[in-house]
Amino acid sequence: MKGDEGTSSANEAVKKKFNRICVFCGSRAGYKSSFSDAALQLGKELVMFKVNRKIDLVYGGGSVGLMGLVSKTVYEGGCHVLGIIPRALLPHEISGKTYGELKIVADMHQRKSEMEKHADAFIALPGGYGTMEEFLEMITWAQLGIHEKPVGLLNVDGYYDGLLALFDKGVEEGFIADSARHIMALADTAEELMKKMEEYAPIHERVAPRQSWEVDQLLESTTQVGESLTS
């Protein structure tokens, strides 16, 4: 099952070009060194792509755990880093030096709205409830038609095998459409995932067109709230 999600026969001419990728990941490093290794490799992959496509980072704003590793790697590689963090999480997810630009927002809802607004695509590394919730919301938004941006899952050491099995159960029991089962790109390595996301072509049926969600107006309203808090 690994590595089969979101592939297509798209040719070079229709490959997507990303300027900014939002990375969801844990504020902890996890017990396995492979999780940290994957975060570092993803950061390096974004930096390597910078030569041709200038891929910058949007992330949760923390300086600890996998978040800290990714942001440090991308920033030191010469790419722009934008961290978005709710004020309440500042003492919990920031320790020591932060890298790049930090935007403080009101709450988790605004954090996700700002992430979606500033990113061209999304990648989830291993993480806890917050990472999974952010990842699931982005694929839900894709299914609903709120955005048309690729969403990738980096399944390091089979970390997300259980979640993928749950998706299969949803299809089996009639709660998830078979076409929506492949709503994400899936890979075991950062390099492979980036390639699949470039070639990703959605086959799922969107619930409603993006225009009907008035996404731009909603994002503008949440941005204004954040600006009033930081002013």
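As the structure is a prediction and not an experimental result, all values here were calculated from the model. Any value given below was found using the heavy atoms of this structure, including those in side chains, with hydrogens, waters and symmetry copies removed.
Between C25 and L66, the closest heavy-atom pair is SG-C, 3.8 Å. Smallest separation of non-hydrogen atoms from Y159 and G127: OH-O, 2.6 Å. Residues M197 and A185 share a closest heavy-atom pair of CG-CB, 3.8 Å. The two residues S27 and M67 come nearest to each other via the heavy atoms CB-CE, 3.7 Å. A pairwise comparison of heavy atoms in K103 and L82 identifies CB-CD1, 4.3 Å as the closest pair. For the residue pair C79 and V47, the shortest heavy atom distance occurs at SG-CA, 4.1 Å.
The side chain to side chain donor-acceptor pair (under 3.5 Å) pairs that include a residue from residues 28-41 are S34-D157, where partners are two or more places apart or lie in different chains.
Looking only at side-chain heavy atoms (C-beta outward), E198 and F18 come within less than 4.5 Å of each other. Residues I55 and M194 form a side-chain contact, since some pair of their non-hydrogen atoms from C-beta on lies under 4.5 Å apart. At least one side-chain heavy atom of F24 sits less than 4.5 Å from a side-chain heavy atom of M138. Two residues are said to be in side-chain contact when any heavy atoms from C-beta on lie closer than 4.5 Å; I123 and L42 meet this criterion. With a 4.5 Å cut-off on side-chain heavy atoms, I139 and F167 count as touching. In this structure, the side chains of L164 and L186 come closer than 4.5 Å at one or more pairs of heavy atoms.
In this model, a donor atom of one side chain and an acceptor atom of the other lie less than 3.5 Å apart for H80 and E101. D56 and N19 form no side-chain donor-acceptor contact under 3.5 Å, judged by distance and modelled atom types alone.
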| said: Using side-chain contact (heavy atoms from CB on, under 4.5 Å), reason through V58 and I21 one step at a time and then give a plain yes or no. | reply: CA-CA 6 Å; V58 180; I21 290 183; over 6 Å; no
| task | Take K149 and D120, measure what salt bridge (Lys or Arg N to Asp or Glu O under 4.0 Å) needs, and give me the verdict at the end. | result | CA-CA 6 Å; K149 304 173 183 180; D120 302 314; 5.6 Å; no
| task | Decide side-chain contact (heavy atoms from CB on, under 4.5 Å) for F135 and M184; before the verdict, give the C-alpha distance in whole Å, the side-chain angles of both, and the deciding distance to 0.1 Å. | result | CA-CA 10 Å; F135 164 70; M184 77 210 79; 3.7 Å; yes
| request: Would you sort out whether E76 and K97 count as a salt bridge (Lys or Arg N to Asp or Glu O under 4.0 Å), showing the intermediate values? | output: CA-CA 13 Å; E76 292 183 346; K97 183 177 181 180; over 6 Å; no
| message | Run L46 and L57 through side-chain contact (heavy atoms from CB on, under 4.5 Å) and show every step you take. | response | CA-CA 8 Å; L46 296 180; L57 173 69; 4.2 Å; yes
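Counting only distance, with no hydrogens or angles, the side chain of Q110 and the backbone of A106 share a donor-acceptor pair below 3.5 Å. Remark: side-chain polar atoms of R181 are not paired, donor with acceptor, to backbone N or O of I176 under 3.5 angstrom. Within the 3.5 Å criterion, the main-chain N or O of G62 finds a donor-acceptor partner in the side chain of Y59.
With ring centers used as reference points, H147 lies under 6.0 Å from F122.
The one candidate from V105, T98, I94 that meets the side-chain contact (heavy atoms from CB on, under 4.5 Å) condition with I85 is I94.
For Y75, the side-chain contact (heavy atoms from CB on, under 4.5 Å) test picks out V81, Y99, with sequence neighbours left out. With sequence neighbours left out, the side chain to side chain donor-acceptor pair (under 3.5 Å) criterion links E137 to K112, W141. Every residue meeting the side chain to side chain donor-acceptor pair (under 3.5 Å) condition with K169, not counting sequence neighbours, appears here in chain and number order: E173. Residues satisfying the side-chain contact (heavy atoms from CB on, under 4.5 Å) test with A177, not counting sequence neighbours, are S179, A180. The salt bridge (charged side-chain N to carboxylate O under 4.0 Å, His left out) search around E191 returns K195, not counting sequence neighbours.
Put simply, OH on Y200 and CG on L193 are 12.0 Å apart, with the number rounded to the nearest 0.5 Å. Between Y160 atom OH and L153 atom CG the span is 6.0 Å, to the nearest 0.5 Å.
Under a hydrophobic-cluster definition in which Ile, Leu, Val, Met, Phe, Trp and Tyr are linked whenever side-chain heavy atoms come within less than 4.5 Å, directly or via other members, V70 and V64 are assigned to different clusters.
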